[in-house]
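The structure appears below as structure tokens.
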Amino acid sequence: MIRSSYTCPDCPRRNFKSGRGLTQHRNAKHRDLSPASDLENDASASTKHLHRFLNGQSPSLHNGQDLPPGTAPSFDPTSHMNINADGANAWHPFESRKDFDFAHYHFVEVQSSEAEINKALDMWAAQVCEFGVEPPWCVTNELYDTIDKIQAGDAPWKVYKIRYTGPLPPGTPPKWMTETYDLCTRDTRQVLQNQLMAPEFKGAMNLAPYRQFNQSGHRIWSNLMSADWAWKQADQISADESTHGAMFVPIIAGSDKTTVSVATGHQEYHPVYMSPGNLTNTARRAHGNGVLPVAFLPIPKTTRKHRGTAGYQTFCRQMYHAALARVFEPLRTGMTTPEVVRCADGHFRRAIYGIGPYIADYPEQVWLSGIVQGWCPKCDARPENLDARNTLPRSRHKTQFLIRSFASSVLWSNFGVRANIIPFTHRFPRADIHELLSPDLLHQVIKGTFKDHIVTWVNEYLHLEHGETRANAIIDDIDRRISAVPVFPGLRRFPDGRDFSQWTGDDSKALMKVYLAAIVGHVPPAMVKCLAAFLDFCYLARRNAISSETLQQLEAALARFHRHRQIFINTGVRENTISLPRQHSLKHYPRSIRLFGSPNGLCSSITESKHIKAVKEPWRRSSRFHALVQMLRTNCRLDKMAAARQAFTARGMMAGTTLSYTLRTLDGEEPQPPIQPAEPTEEDDEGGPMVGPKVLSSIELSQTPQRGYPKNVEDLATHINQPRLPELIRRFLYDQINPDAPISSADVTLEQCPNFSGRIAVFHSAIARFYAPSDLCGAGGMRREYIRSNPSWRGDYVRRDTVFITTHSEDEGMYGMVVGRVYLFFSFSFCDSIYPCALVHWFVPIGGEADDQTGMWAVKPEFTAPGRRSLAVVHLDSIARAAHLLPVYGSAFLPEDLHFSQSLDAFRAFYVNRYSDHHMHEFLA
């Protein structure tokens, strides 16, 4: 039997024999939490060096004159929003809270059609007409006019006409030479300034490039401003003394084609997005206005006859770069001469802009860099051997030299360069597109290397090795293994395995968490090691803060992956070599991380998620006729509504419901400070992002005890069929009351333990909260998860989750932790102290180290006698968070009727899944 103790996460050498002792220690010693400015960095980061000159620390007046340090903010970030000339109505251009809420509900939340809004307005008018009152709008267009009057977030769209101006061939020229194409764009300078002063980004913005080091002296890379590129840009800019004290604002851009409807003519759009590089990674990934659409690029079309001609392809690429140059032209003067901008913290500052990292998938990178398809946009490796050693990086100056020195045919065949394409970045200072192309986790790692390569190659190996019939049977068994995975908070279930036709990025991310254990026993060990090495690389690269130690681990994982992927060549799945652009891109990740920080804040999943709000939903709301104009108008109105809501929220005007706010106003009460939204109840979800700042990790029982359970300990033991519960509670109390005793409760007689006859409250869940900025989290980097112990989960099956329990020594178990399965959450009072507890069944490690193939620890359930589980009562404070176990399937096939709820009882050994989420991977590193 394992004896649990309690380790303080902030004092690794402090151990406590009772949860109460640990709680008292943490309350006394660790009340001061990390400041908001450190949210992007790991807990050990301690030293932060700002750039000497371009530090953004000098607030300014409107005219750019610096103010003394400590000067109060120059303006209220919300004061300029929605106030009419006389300042009488804070809701302007709306009349009241109920008017704004009505507009927000119908236009933003449920996206009501014009007919639906008209019907709602008619019903509203019918409700109030008997009182001689009219609703604020009679028809939908009047509501739209009110939204258009919002001043905040205003950045109207403009249309520029583009056409071919080269020589025309004799006779009738191709249609693409005579057509006019529309570039729809906003004033990127205005959009950027709106983003910089948005109240939602207060405390989530870095004003200066910086270098950070943890307590061990290792460099930390997190967001863009912590990396080498921003520092190098600041060095170049600060050569001009007039820029000293200014704030460097790099512009992160991204573009990607998207299809809104295949059925109605394969309608495509090509949006361009923009984000201030000063934002933290979590702020940029959040569902806010950190990333906004700023342009829709023209997409020329022609007949199949002309599609492959050199002239047409050159025109398309030249128009593409000309359009991008036009999009970012408003920012050009601010790239050399500082201009005054408003910031979210209430200060004016002098800012100087710069073209920053560009988010794009490989086809887009080919267009952006002006290279030939199949070549690498970052280095000069040849397509037939992309992973060759001693390749040299591409650069703007090198490309210009090559174009001056060689004929176009030589450039194409020997260097992969298109001589007639000049990247748009050449027109802007300090911008080199080859350097600025950022890593793309979604398309290079998740969809590319994992889904399109490894999963496909595993299936091809099975067919080559076993023939079609046997291979299909094995693939079906792998699917059954995936569907048999035990439930885990936030883990997507695959009831049919991976047998789905249309894979999304989220599908691939979810499958990565469980696929490794499913193939063990069906493929050679080297293939398992190859996938394990790749997963380690992926999870290391996706961390929100990456240290120099992590970079070394990442490079070692990549080397292991390259070594073990030889198995696919040896087994005939691949011929001779593996030379694939998306896999080759992994070689550039270490340098890119040093340049731009964590790829987690520069992934194309950010821009792809924006497609839904910026392209697909506005298109569905359009009439489909000249849809783009309607989509742009919808986007503009959505931005205005979002900006207005932020302003109202910052003033406390959105507290409570529409009715409660109206009643308080009628009573003459003033607006209240913003109220943090309540977390969903335990029935609503399995966990997710948590609102609030970074705090110490914690765990507590759900708020409401369950009814229907006996309050007496003896009766409860009979009710849940755990006759040893009274004994285990007494032994638990012995350890709590005697934390310094030389022997534990397991070594004393039951008579020496305190008697307990009090009342017990039973709970079906506990909630753990912890700092997990690499995962989907709140603005403060916090995440929550529900841990269940429910005899009838959703009225369908028994659910008993597994958890990590801290032990007294890092030499025992997995880094000082063991796994337990929770059979009961409960609490009771004894000697004026309340004890939140869990009844757990111990799982003990198999061997003293992780499994050689998978890299995961293996555990097995512990029994004191045949059929008698090794149980213990532990203090809730000893539980770190939920654990996810994957069965060790072996090589036998699973029965088709095995339900996932039976898995924890059906197998004799389990892997501790370190890939269940990013926090877990770092937790078990």
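The basis for the numbers below is simple: all heavy atoms, side chains too, and nothing from hydrogens, waters or symmetry mates. One is the number of the first residue; the rest follow in order along the sequence.
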Nearest 0.5 Å, please: how far is [atom2] in [Y] from [atom1] in [X]?
{"X": "Y105", "Y": "S112", "atom1": "OH", "atom2": "OG", "answer": "6.5 Å"}
{"X": "T658", "Y": "H104", "atom1": "OG1", "atom2": "NE2", "answer": "11.0 Å"}
{"X": "Y269", "Y": "D256", "atom1": "OH", "atom2": "CG", "answer": "15.5 Å"}
{"X": "Y312", "Y": "T303", "atom1": "OH", "atom2": "OG1", "answer": "9.0 Å"}
{"X": "N600", "Y": "L602", "atom1": "CG", "atom2": "CG", "answer": "9.0 Å"}
{"X": "L324", "Y": "M319", "atom1": "CG", "atom2": "CE", "answer": "11.0 Å"}

Might you point out which heavy atoms bring [X] and [Y] nearest each other, and give the distance in Å?
{"X": "F94", "Y": "I150", "answer": "CE1-CD1, 3.8 Å"}
{"X": "A155", "Y": "C636", "answer": "O-SG, 4.4 Å"}
{"X": "H443", "Y": "S604", "answer": "ND1-OG, 2.9 Å"}
{"X": "A360", "Y": "L368", "answer": "CB-CD1, 3.8 Å"}
{"X": "A614", "Y": "F296", "answer": "O-CZ, 3.9 Å"}
{"X": "E364", "Y": "S255", "answer": "OE2-OG, 2.5 Å"}

Is there a side-chain contact between [X] and [Y] in this structure, where contact means two heavy atoms from C-beta onward sitting under 4.5 Å apart?
{"X": "E339", "Y": "Q193", "value": "yes"}
{"X": "E134", "Y": "V128", "value": "no"}
{"X": "M654", "Y": "F100", "value": "yes"}
{"X": "V629", "Y": "C184", "value": "no"}
{"X": "K640", "Y": "D154", "value": "yes"}
{"X": "Y320", "Y": "L297", "value": "yes"}
{"X": "P271", "Y": "H611", "value": "yes"}
{"X": "V291", "Y": "I252", "value": "no"}

If the threshold is 4.0 Å, N to carboxylate O, is there a salt bridge linking [X] and [Y]?
{"X": "R186", "Y": "D639", "result": "yes"}
{"X": "K149", "Y": "D145", "result": "no"}
{"X": "D148", "Y": "R637", "result": "yes"}
{"X": "E329", "Y": "R189", "result": "no"}

Does R633 qualify as a cation-pi partner of W157, given the criterion of NZ or CZ under 6.0 Å from the six-membered ring centre and within 45 degrees of its axis?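 Pair R633/W157 does not count as cation-pi.
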
Are R163 and Y181 in a cation-pi contact, defined as NZ or CZ under 6.0 Å from the six-membered ring centre and within 45° of the axis?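 Verdict for Y181: no cation-pi partner in R163.
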
Check the pair N194, Q190 against side-chain hydrogen bond (donor to acceptor under 3.5 Å, both in side chains), reporting the backbone distance first and the verdict last. CA-CA 6 Å; N194 288 343; Q190 183 61 54; 2.9 Å; yes

May I ask you to decide if [Y]'s main-chain N or O and [X]'s side chain share a donor-acceptor pair within less than 3.5 Å?
{"X": "E142", "Y": "C138", "answer": "yes"}
{"X": "R651", "Y": "A90", "answer": "yes"}
{"X": "R326", "Y": "H321", "answer": "no"}
{"X": "R349", "Y": "A246", "answer": "no"}
{"X": "Q630", "Y": "W619", "answer": "no"}
{"X": "N278", "Y": "F248", "answer": "yes"}
{"X": "T188", "Y": "V327", "answer": "yes"}

Passes side-chain contact (heavy atoms from CB on, under 4.5 Å), V272 versus F328? Steps please. CA-CA 11 Å; V272 179; F328 295 105; 4.3 Å; yes

So C603 and D440, side-chain contact (heavy atoms from CB on, under 4.5 Å) or not? Walk me through it. CA-CA 5 Å; C603 180; D440 180 13; 4.3 Å; yes

Assert yes or no for the condition that the ring centre distance of Y144 to W137 is strictly below 6.0 Å. no

Taking the ring centre of each residue, are W91 and Y661 less than 6.0 Å apart? yes

Quick one about [Y] and [X] (side-chain donor to acceptor, distance below 3.5 Å, no hydrogens or angles considered), yes or no?
{"X": "T302", "Y": "R307", "result": "no"}
{"X": "T657", "Y": "S660", "result": "yes"}
{"X": "T259", "Y": "Q267", "result": "no"}

Pick one: which of R621, K613, R620 meets salt bridge (Lys or Arg N to Asp or Glu O under 4.0 Å) with E617? K613

Any chance you could lay out the side-chain contact (heavy atoms from CB on, under 4.5 Å) test for Y362 and L437, step after step, and finish with the verdict? CA-CA 10 Å; Y362 177 72; L437 293 174; over 6 Å; no

Check whether more than 12 heavy atoms from other residues, nucleotides or ligands sit under 6.0 Å from atom CD of Q111, and answer yes or no.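 Yes, enclosed.
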
More than 12 heavy atoms of other residues, nucleotides or ligands under 6.0 Å from CD of E114: yes or no?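 Yes - once you tally the heavy atoms of other residues, nucleotides and ligands closer than 6.0 Å, there are more than 12.
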
N223 and T280: CA distance, side-chain angles, deciding distance, side-chain hydrogen bond (donor to acceptor under 3.5 Å, both in side chains) verdict: CA-CA 6 Å; N223 54 71; T280 62; over 6 Å; no

Derivation of the side-chain contact (heavy atoms from CB on, under 4.5 Å) call for L659 and K98: CA-CA 8 Å; L659 176 60; K98 61 180 180 292; over 6 Å; no

Between F102 and H106, what is the ring plane arrangement, given parallel below 30°, perpendicular above 60°, and tilted in between? tilted

Using the rule given for salt bridge (charged side-chain N to carboxylate O under 4.0 Å, His left out), can you reason through K161 versus E179, listing the C-alpha separation, both sets of side-chain angles and the distance that settles it, and then say yes or no? CA-CA 10 Å; K161 302 295 183 179; E179 280 192 341; over 6 Å; no

